[in-house]
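First up is the structure itself, then whatever we jot down about it.
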Amino acid sequence: MEIKEIKNNKKQYLSLLLLADEQEDMIERYIEKGTMYVLDDNGIKSECIITDEGNGILEIKNIATDPDYQGKGYGKALIDFITTRYQGKYSILQVGTGYSPLTIPFYEKCGFIYSHKIKNFFTNNYNHPIFECGIQLIDMVYLRKSLCSQNHESNKS
């Protein structure tokens, strides 16, 4: 398994990107300004785009795994890679998603906790209703995890 940064021809991964963000003009907003990584394990299994949002915040804009390989740890491997690579360089890794029984538990297992939400994000920014697991996505839910190095020893005086 190898994780590689993609600097050119990012649109060759559009079919995978559209799994996580099904409206192409929304992907256009971040594809070129973001840093893209792909996970190759005898073929591309997963991809991720991250952006610098300022103030020490790194955001996952898109993360997707080929449906034939979901549930096999590829998405988590990408998040672990990003966490390790950017630890100490940013203070927070955040991700925005919809209220979904697929995505929220996945991010929580990866160490993210609820931060805030943007009301009506999906209904205001997409030209059609977005559904996941039969649930219409309305609000954007932000989850965050710390990228600060943690000292696990307690300092007692």
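A quick note: this is a predicted structure, and the numbers were derived from the prediction, not measured.
Phe131 and Ile138 fall into different hydrophobic clusters, defined by Ile, Leu, Val, Met, Phe, Trp and Tyr side-chain heavy atoms under 4.5 Å apart, directly or through other members.
Residue Asn127 places its CG atom among more than 12 non-hydrogen atoms of other residues, nucleotides or ligands, all under 6.0 Å distant.
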- Report the C-alpha distance between Glu28 and Lys11 in whole Å, list the side-chain angles of each, state the deciding distance to 0.1 Å, and finish with yes or no for salt bridge (Lys or Arg N to Asp or Glu O under 4.0 Å). CA-CA 9 Å; Glu28 294 287 336; Lys11 285 194 176 183; 2.7 Å; yes

- Query: So Phe121 and Asp139, side-chain contact (heavy atoms from CB on, under 4.5 Å) or not? Walk me through it.
  - Reply: CA-CA 5 Å; Phe121 178 86; Asp139 301 332; over 6 Å; no

- Query: Taking it one step at a time, do Tyr107 and Ile79 satisfy side-chain contact (heavy atoms from CB on, under 4.5 Å)?
  - Reply: CA-CA 9 Å; Tyr107 290 119; Ile79 288 176; 3.9 Å; yes

- Message: One pair to check against side-chain contact (heavy atoms from CB on, under 4.5 Å): Val95 and Phe106. What are the steps and the verdict?
- Response: CA-CA 12 Å; Val95 62; Phe106 167 74; over 6 Å; no

- Worked check of side-chain contact (heavy atoms from CB on, under 4.5 Å) between Ile130 and Glu22: CA-CA 8 Å; Ile130 307 287; Glu22 61 185 64; 3.5 Å; yes

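Counting heavy atoms from C-beta outward, Tyr114 and Ile104 have side chains that stay 4.5 Å or more apart. Between Ile118 and Tyr142 the shortest side-chain heavy-atom distance falls below 4.5 Å. With a 4.5 Å cut-off on side-chain heavy atoms, Gln23 and His128 count as touching. Contact check for Glu132 versus Thr103: side-chain heavy atoms found under the 4.5 Å cut-off. Taking 4.5 Å as the limit, some side-chain heavy atom of Met140 sits within range of a side-chain heavy atom of Phe122. In this structure, Thr35 and Tyr86 have side chains that are in contact, with non-hydrogen atoms separated by less than 4.5 Å.
Judged purely by distance below 3.5 Å, without hydrogens or angles, the side chains of Tyr126 and Asp21 pair a donor atom with an acceptor atom. Side-chain contact, Lys145 with Thr83: a donor N or O sits under 3.5 Å from an acceptor N or O.
Proximity of a side-chain donor or acceptor of Ser100 to a complementary backbone N or O of Leu102 within less than 3.5 Å is detected. At distances below 3.5 Å, not a single donor-acceptor pair connects side-chain atoms of Gln87 with backbone N or O atoms of Thr84. Remark: the backbone N or O of Gly56 is paired with a side-chain donor or acceptor of Ser91 at under 3.5 angstrom. Distance alone, capped at 3.5 Å, is enough to place a donor-acceptor pair between the Lys45 side chain and the Asp41 backbone.
Between Arg85 atom CZ and Leu147 atom CG the span is 13.5 Å, to the nearest 0.5 Å. Annotation: the span from Tyr90 atom OH to Asn55 atom CG amounts to 11.5 Å, rounded to 0.5 Å. For the atom pair CD1 of Ile50 and CD of Glu5, the computed distance is 8.0 Å after rounding to the nearest 0.5 Å. How far CD1 of Ile92 is from CD1 of Ile57: 5.0 Å, rounded to the nearest 0.5 Å.
The pair Asp25-Arg29 fails the salt-bridge criterion, with no side-chain N (NZ, NE, NH1 or NH2) lying under 4.0 Å from an Asp/Glu carboxylate O. With salt bridges taken as basic N to acidic carboxylate O contacts below 4.0 Å, one links Lys4 and Asp40.
Closest heavy-atom contact between Cys48 and Ile82: SG-CD1, 3.3 Å. Residues Gly96 and Glu59 share a closest heavy-atom pair of N-OE2, 4.5 Å. Contact record, Asp52 with Leu58: N-CD1, 4.3 Å, taken as the closest heavy-atom pair. Closest non-hydrogen pair, Ser46 versus Tyr74, comes out as CB-CB, 4.0 Å. Taking every heavy atom of both residues into account, Thr65 and Gly75 meet most closely at OG1-N, 3.7 Å. Contact between Asn62 and Glu47 at its shortest, heavy atoms only, is OD1-OE2, 2.6 Å.
Aromatic ring pairs are classed by plane angle as parallel below 30°, tilted from 30° to 60° and perpendicular above 60°; the pair Phe81 and Tyr37 is perpendicular.
Counting side-chain heavy-atom gaps under 4.5 Å among Ile, Leu, Val, Met, Phe, Trp and Tyr, the cluster of Ile27 also holds Ile6, Tyr13, Leu14, Leu16, Leu17, Leu18, Leu19, Tyr30, Ile31, Met36, Val38, Ile44, Ile49.
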